[in-house]
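Notes for the one structure printed next.
Please read these numbers as outputs of a predicted model, since none were measured by experiment.
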Amino acid sequence: GDAAGDESMDVTDNHRREESGTTEDIAPVYEIATKADFEQYKEDVLSRVPKSVKSRFREGAFSRWGKDWLPVLELGPFDVEPGPVRDM
């Protein structure tokens, strides 16, 4: 929220967890108002990515698509614009 002193950065939405009846981790909810908030968010997201995956960011490879092998570029979550693709 907008209340003074409200620490919405890095807060898990426990209400959604209770409603869904799951014990799985639900992605933290972030309020990103400043560059420092974004940097903290970025650091938190990247800290949850295994090093073996991060080492492939921006690397070329080939992947099977149907019967064909096509070139691919493995991107990190911050190599794409904010939106649904990044949120995956």
Side-chain angles (χ1 to χ4, degrees):
D2 296 330
D6 180 14
E7 294 188 30
S8 56
M9 177 66 85
D10 198 22
V11 176
T12 302
D13 188 349
N14 289 322
H15 181 69
R16 283 190 301 161
R17 180 181 297 157
E18 291 167 4
E19 282 183 346
S20 69
T22 182
T23 57
E24 291 181 36
D25 285 338
I26 293 176
V29 176
Y30 295 93
E31 183 173 310
I32 302 173
T34 66
K35 183 174 174 96
D37 291 343
F38 174 76
E39 292 300 326
Q40 179 63 44
Y41 164 70
K42 182 177 176 180
E43 182 180 317
D44 182 51
V45 168
L46 292 175
S47 73
R48 291 184 270 139
V49 177
K51 287 183 181 181
S52 62
V53 173
K54 282 194 276 193
S55 70
R56 296 191 320 249
F57 288 174
R58 298 183 178 173
E59 292 289 323
F62 286 87
S63 181
R64 193 164 181 94
W65 186 267
K67 295 180 180 181
D68 298 321
W69 284 91
L70 300 174
V72 296
L73 182 62
E74 292 195 52
L75 299 176
F78 299 96
D79 291 326
V80 296
E81 292 182 14
V85 172
R86 182 186 285 184
D87 293 342
M88 284 195 239

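Linking ILVMFWY residues whenever their side-chain heavy atoms come closer than 4.5 Å, directly or via other members, places V53 and L46 in the same cluster. Following chains of ILVMFWY side-chain contacts shorter than 4.5 Å, one can reach V85 starting from L75, so the two form part of one hydrophobic cluster.
Of all heavy-atom pairs between I32 and D37, the closest is CA-CB, 3.8 Å. When all heavy atoms of V49 and K54 are compared, the closest pair comes out as O-CE, 3.2 Å.
Among pairs with a residue in residues 50-85, those fulfilling ring pair (Phe, Tyr, Trp, His ring centres under 6.0 Å) read F38-F78, Y41-F78, at least two apart in sequence or across chains.
The 12-atom threshold is exceeded at CZ of R64, counting heavy atoms of other residues, nucleotides or ligands nearer than 6.0 Å.
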